[in-house]
Amino acid sequence: GSTIQLSHSKENIKTYEQYQNQHGKAHYPLARILVATNAVTGVCERPSYAPYSGENAAGELKLSEQLLPRLEKGAVVIGDRYFGCCRFVETAVKSGLNVICRLKERDVKRFKGSLAGASGEIDIDWESRRSKTGIFYSAKGRLLWHTIKKKGFRPIQLILFTTLSLPLKKIVELYG
């Protein structure tokens, strides 16, 4: 996901409302864009995009709900920590896709508490409710954790959610 600065024209400003902050309106309107790239071929799927601000603005999760159903059924979607949420996983699974996404450690405490050991996994039934709208999301899969150690670097704990049944080492390799 990213933003694109559009040219300043009456048509663009009508469709893509100008971003505004404490300094006033920006001269150029912005669009938010989300692209899926095939990691094997490098080919990009047709992007999803929307205004960055204003009445019709959409975030990356909303754009993923447009993009994911267009991907080839059975494909593996790899998402960073921003996409490590139940809403994204449920949308992907309903679209016939498999998921590997990184999770934030603070979010994992809801499933497991603290993660013991350098590596491990548990099966989980992930459920989430949006407080403002009451919308309920759910997904089944595995919570995986693995500590990556490289000489000269501090250890990194990688925490992933996946719907794949591959071994932990293979999932970590695919994510990498």
Side-chain angles (χ1 to χ4, degrees), residues 1-5 30-50 52 58-130 137-176:
S2 191
T3 56
I4 297 175
Q5 189 177 44
L30 294 175
R32 188 178 309 273
I33 185 168
L34 187 67
V35 179
T37 305
N38 186 310
V40 175
T41 65
V43 174
C44 293
E45 173 63 46
R46 178 173 48 93
S48 292
Y49 52 92
Y52 179 81
E60 291 177 11
L61 284 174
K62 182 72 173 167
L63 292 176
S64 75
E65 292 169 349
Q66 299 168 11
L67 183 73
L68 292 172
R70 296 196 306 252
L71 301 180
E72 183 179 337
K73 304 291 183 239
V76 178
V77 178
I78 300 173
D80 62 15
R81 287 190 283 190
Y82 181 80
F83 293 106
C85 66
C86 199
R87 176 180 175 183
F88 178 78
V89 173
E90 182 184 82
T91 302
V93 170
K94 284 183 175 178
S95 300
L97 305 169
N98 295 294
V99 176
I100 301 172
C101 58
R102 191 165 180 190
L103 301 178
K104 296 174 184 168
E105 192 171 341
R106 65 179 166 85
D107 294 338
V108 173
K109 291 185 181 197
R110 287 182 279 163
F111 306 129
K112 176 77 174 105
S114 62
L115 303 173
S119 293
E121 65 179 82
I122 58 169
D123 292 333
I124 61 169
D125 291 334
W126 193 358
E127 297 178 342
S128 176
R129 181 179 307 276
R130 291 185 67 189
Y137 300 102
S138 67
K140 291 180 186 241
R142 295 185 301 150
L143 177 67
L144 313 171
W145 62 96
H146 180 73
T147 303
I148 299 171
K149 296 178 183 177
K150 285 190 176 184
K151 189 174 183 171
F153 295 91
R154 65 177 178 80
I156 297 172
Q157 187 171 47
L158 189 61
I159 305 169
L160 302 170
F161 176 86
T162 188
T163 57
L164 294 169
S165 59
L166 297 171
L168 183 143
K169 275 193 163 191
K170 186 66 176 172
I171 299 292
V172 169
E173 182 183 311
L174 283 172
Y175 184 81

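Heavy-atom neighbours of K73 NZ from other residues, nucleotides or ligands within 6.0 Å: above the threshold of 12. Crowding of Q5 atom CD: a count of heavy atoms from other residues, nucleotides or ligands under 6.0 Å exceeding 12.
Salt bridge absent: E173 and K169 never bring a charged side-chain N and a carboxylate O closer than 4.0 Å. Between K140 and D125 there is a salt bridge, with a side-chain nitrogen of the basic residue lying less than 4.0 Å from a carboxylate oxygen of the acidic one.
Between V77 and the options L68, V89, I100, L67, a side chain to side chain contact (heavy atoms under 4.5 Å, CB included) holds for only L68.
Considering CH2 of W126 and OG of S138, their distance stands at 11.0 Å, rounded to 0.5 Å. Atoms CD and OH, on Q66 and Y49 in that order, are 9.5 Å from each other to the nearest 0.5 Å. In this structure, the separation between OH on Y137 and CD on E127 is 14.0 Å, given to the nearest 0.5 Å. Distance check, rounded to the nearest 0.5 Å: CG of L103 to CZ of F161 gives 8.0 Å. Atoms CD and CG, on E121 and L160 in that order, are 11.0 Å from each other to the nearest 0.5 Å. From R81, atom CZ reaches atom NZ of K104 across 7.5 Å, with rounding to the nearest 0.5 Å.
Side chain of T162 to backbone of V99: a donor-acceptor contact under 3.5 angstrom is found. Formation of a donor-acceptor pair under 3.5 Å by the S95 side chain with backbone atoms of L97 is not found in this model.
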From CA spacing to verdict: side chain to side chain contact (heavy atoms under 4.5 Å, CB included), T37, V43: CA-CA 6 Å; T37 305; V43 174; over 6 Å; no

Test log, rule side chain to side chain contact (heavy atoms under 4.5 Å, CB included), inputs I171 and L164: CA-CA 8 Å; I171 299 292; L164 294 169; 3.8 Å; yes

From CA spacing to verdict: side chain to side chain contact (heavy atoms under 4.5 Å, CB included), L61, Y82: CA-CA 9 Å; L61 284 174; Y82 181 80; 4.0 Å; yes

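Contact check for I156 versus T147: no side-chain heavy atoms found under the 4.5 Å cut-off. The closest side-chain heavy-atom distance from L144 to I122 is not below 4.5 Å. At a threshold of 4.5 Å between non-hydrogen side-chain atoms, the residues V93 and T163 count as touching. Proximity of W145 to L158: side-chain heavy atoms (C-beta onward) are nowhere separated by under 4.5 Å. For the pair L30/I4, no side-chain contact is recorded, criterion being any heavy-atom separation below 4.5 Å from C-beta on. The shortest distance between side-chain heavy atoms of F83 and L34 falls below 4.5 Å. You'll find the side chain of R87 stays beyond 4.5 Å of the side chain of S128, heavy atoms only. Side-chain contact between H146 and Q157: absent, with no pair of heavy atoms (C-beta onward) separated by less than 4.5 Å.
The heavy-atom pair separating R142 from S165 by the smallest distance is NH2-C, 3.8 Å. Nearest approach of A36 to L71, heavy atoms of both residues: CB-CD2, 3.9 Å. Between L63 and A58 the shortest heavy-atom distance is CD2-CB, 4.2 Å.
A donor-acceptor pair shorter than 3.5 Å can be found between the side chains of S48 and R70.
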